[in-house]
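Read the structure below first, then the notes.
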Amino acid sequence: MSELDPQPPIRVRIAPSPTGDPHVGTAYIGLLNFLYARQRGGKFVLRIEDTDRARFVSDSEQMIFDALRWLDLAWDEGPDVGGPFGPYRQSERTEIYRSHVDLLLVSGHAYRSFETAEELDAMRKSQIAAKLPPRYNGAHRELSASQIAVYEAEGRPAVVRLKVPVEGETAFRDELRGAITFSHNNVDDQVLLKSDGFPTYHLANVVDDHLMQITDVIRAEEWISSTPKHVLLYKAFGWELPRFWHMPLLRNIDKSKISKRKNPVSLIYYRESGFLPQAMLNFLGLMGGGMAQPTEEEIVSKGINIKQGDIFSLPEMLEKFDFKRISLGGPVFDLTKLKWLNGEYLRALPPEQFFQALRATIFSDDYLRRIAPLVQTRIETLAQFGEMTDFFFKDDVMPAPEAFVPKARTLEETLAFAAEQLVLLEATPFTHDELEAALKQIGVDKQWPVKDNFMLLRAILTGKTASPPLLESLIVFGRARALDRMRRFIDTQKRLAATRK
RNA sequence: GUCCCCAUCGUUCAGUGGUUAGGACACCGCCCUUUCACGGCGGUAACACGGGUUCGAGUCCCGUUGGGGACACCA
């Protein structure tokens, strides 16, 4: 580094949103940012993007912390550890955003807009119906002072929008792809400040990245199309651009963007299902490349098996991972390979550690202690514990159709109802009372007697028609795994039904 | 519909103008083994297509096709 041209210290961040279970995509981008920072002696920042109060989930933030710690991806600055650029929770920075919005309003880079959400929705729908690109029509771009006064007098809520230039284009550099250019007529007048006073991602993200002196924005590819908005914002503020690195999106088997409908995405699920964090990290490191294959020399000198070229630790990634090697095709998150990898790690464990891994997860005192009361009155010898509780310890459980299809229903109806149950369970806190109320409600709505309703769920969870109490079992088994079991059940049954036809 | 990104075995990653196109997972076969795994050995399997550039293209350029993403007062 020359004194005339000092490079600022590397600072990167991940910015997860606390809207549910910690996501495997967050872990992927987290790993990449972690590696990038550590390899360059930089700082890795964790910022919580909690500006969406409608989707906010209260314990989500803690789960994100836990999941990232489980993976050993330690951050240098964040809401829980502090740091010189805090606060690191966007909900605590609203004044900062407001003052920056004022700057844009004054400089003419933004304007207030008074349409209601309903009006905008109607406009969008008609545009889509007319096969037009859905875009804000700019109606309030040039409101006169008197018109604004009228709206304000009416007490109409306003948002603040970015005033994207009509003419021209915005270009930026993606470090992996080179120059990317967007014509301004394809860039919408994005809302920057919502009517509830909270910023949108676009504004908060740019303001925070600048104030937190982020040098490299390493995020998922889905952000490319909104990057011109961000670039326009940096320019409007007169700020220097960070480097942008857009990473390929993790995919489902059908190549669509990874989603909970088609793939387990919750890190809680992987932890509770007995995946080892090293295996998960290794697998994520495999996604998109980045690790050079072992050289001829390494194979000879270390005597390593060729196949071990796919097996590497976090320290090895720190040493060898190369961002310029990342391939841009979206990698399929292949559970089969993850399981193989996990098996490799399991087999490599010394026996005592393997035993401890079992005791820490599937046979933890805590888990057994919570299961025990569910069976105490139901068994006559302790050995019967196994028959009664097998489903708690299995990965795969699949009831026979006789066990889950009520006499008065068809298989199709039953699967459709199971899908409804799944949607419901996803949205319901896992407490006895809330689960019970929700399930009973859906039974009433869909005309499913409580007995059939609960029996279906029991069959899906336990594979049997007799079991410990259903809701308690569901809770002890755990939300992440229970939802996965339901999704697997529905998918498998649909597939079977399709092959029968 | 508009814009943007991407393109090597089923999946994943090698291959950076001259290769019998390589490894891993998966799959198949054989061996080991009381079973099942593990392990060992072997096998099937890919450069999407069409034009260029070049003595020579999986590698460079253009187009087509295909896939994906974005188009919210969500991130």
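We name chains A, B, ... by the order of the sequence lines, and we start the count at 1 in each one. Only a predicted model underlies this, so the values are computations on that prediction, with no experimental measurement involved. Any value given below was found using the heavy atoms of this structure, including those in side chains, with hydrogens, waters and symmetry copies removed.
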*Assign each of A:Ser183 and A:Met287 to its nearest nucleotide of RNA chain B by heavy atoms, then name whichever residue's nucleotide is nearer the 5' end.*
A:Ser183
_I want to verify a distance call: between B:rG39, B:rG1, B:rC5, whose nearest atom is closest to the A:Arg177 side chain?_
B:rC5
_Taking the C1' atom in each of B:rG51 and B:rA46, what is the distance between them to the nearest angstrom?_
23 Å
_Between P of B:rA75 and CD of A:Gln90, the distance in whole Å_ = 8 Å
*Check whether any side-chain N or O of A:Thr51 sits under 4.0 Å from OP1 or OP2 of B:rA75, and answer yes or no.*
yes
*Whole-Å distance separating the CZ atom of A:Arg325 from the C1' atom of B:rC13*: 9 Å
*May I ask you to decide whether A:Glu119 forms a salt bridge with A:Arg124, counting only side-chain N to carboxylate O separations under 4.0 Å?*
no
*State which of B:rC73, B:rU12, B:rA14 makes the closest approach to the side chain of A:Pro331.*
B:rU12
*asked:* What's the closest nucleotide to the side chain of A:Arg347 if the choices are B:rC38, B:rC3, B:rA14?
replied: B:rC38
*Salt bridge A:Asp396-A:Arg488, side-chain N to carboxylate O under 4.0 Å*: yes
*Nearest whole angstrom, please: distance from the C1' of B:rG69 to the CG of A:Asn186.*
15 Å
*For A:Thr181, which contact category applies under a 4.0 Å heavy-atom criterion: base, sugar-phosphate, or nothing?*
sugar-phosphate
*Hey, can you tell me if A:Phe114 and A:Tyr151 have their rings parallel, tilted or perpendicular (30° and 60° cut-offs)?*
parallel
*Scan side-chain atoms only and decide if A:Tyr269 and A:Asp484 contain a donor-acceptor pair under the 3.5 Å cut-off.*
yes
_Parallel, tilted or perpendicular, as decided by the 30° and 60° cut-offs, for the rings of A:Phe283 and A:Phe333_ = perpendicular
*Given the side-chain rings of A:Phe321 and A:Phe312, with only the six-membered ring counted for Trp, is the space between their centroids under 6.0 Å?*
no
*asked:* Closest-nucleotide mapping onto RNA chain B: is A:Ala158 or A:Ile180 further toward the 5' terminus? I mean the 5' end.
replied: A:Ile180
*Could you tell me whether the side chain of A:Lys337 has a donor or acceptor atom within less than 3.5 Å of a complementary atom in the base of B:rA24?*
yes
*asked:* Measure CG/A:Asn205 against C1'/B:rC74 and give the value in whole Å, please.
replied: 13 Å
*Does B:rG58 pair with anything, Watson-Crick or G-U wobble, both distances under 3.5 Å, and if so, with which nucleotide?*
none
_Could you tell me the Watson-Crick or G-U partner of B:rA70, where both distances fall under 3.5 Å? Say none if there is no partner._
B:rU2
*Specify the separation, in whole Å, of atom CG of A:Asp322 and atom C1' of B:rA14.*
14 Å
*Using Watson-Crick or G-U wobble geometry with both distances below 3.5 Å, tell me the partner of B:rC49, or none.*
B:rG63
*Spacing of A:Met291 atom CE relative to B:rA24 atom P, expressed in whole Å*: 17 Å
_Does atom NZ (A:Lys131) have a neighbourhood of more than 12 heavy atoms from anything else shown, all under 6.0 Å?_
no
*Is any side-chain N or O of A:Arg124 closer than 4.0 Å to OP1 or OP2 of B:rC73?*
yes
*So which nucleotide from B:rC74, B:rC5, B:rC73 ends up closest to the side chain of A:Asp52?*
B:rC74
*Within less than 4.0 Å of OP1 or OP2 of B:rC74, is there a side-chain N or O belonging to A:Lys194?*
yes
*Under 4.0 Å: is that the gap between some side-chain N or O of A:Arg112 and OP1 or OP2 of B:rC73?*
no
*Residues from residues 247-271 of chain A sitting under 4.0 Å of RNA chain B, heavy atoms only?*
A:Leu249, A:Arg251, A:Lys255, A:Ser256, A:Lys257
*asked:* Of the listed nucleotides (B:rU11, B:rC4, B:rC71), which one gets closest to any side-chain atom of A:Arg135?
replied: B:rC71
_Closest to side chain of A:Thr200, choosing from B:rA14, B:rC73, B:rC6_ = B:rC73
_For A:Phe237 and A:His100, I'd like to know if the aromatic rings sit close, meaning centre-to-centre distance below 6.0 Å._
yes
*Specify the separation, in whole Å, of atom CG of A:Leu338 and atom P of B:rU12.*
14 Å
_Side chain of A:Leu120 only, heavy atoms from C-beta on: which candidate in B:rU2, B:rC73, B:rC5 is closest?_
B:rC73
*Tell me which nucleotide among B:rG1, B:rC13, B:rC74 gets nearest to the side chain of A:Pro134.*
B:rG1
_Base B:rC4 to side chain A:Ser225, donor-acceptor N/O within 3.5 Å cut-off_ = no
_Spacing of A:Asp208 atom CG and A:Arg89 atom CZ [to the nearest 0.5 Å]_ = 13.0 Å
_Whole-Å distance separating the CH2 atom of A:Trp340 from the P atom of B:rC25_ = 5 Å
*Does the B:rC74 base have a donor-acceptor partner in the side chain of A:Arg55 within less than 3.5 Å?*
yes
*Quick one: look up who B:rU16 pairs with, Watson-Crick or G-U, both distances under 3.5 Å, and put none if it's unpaired.*
none
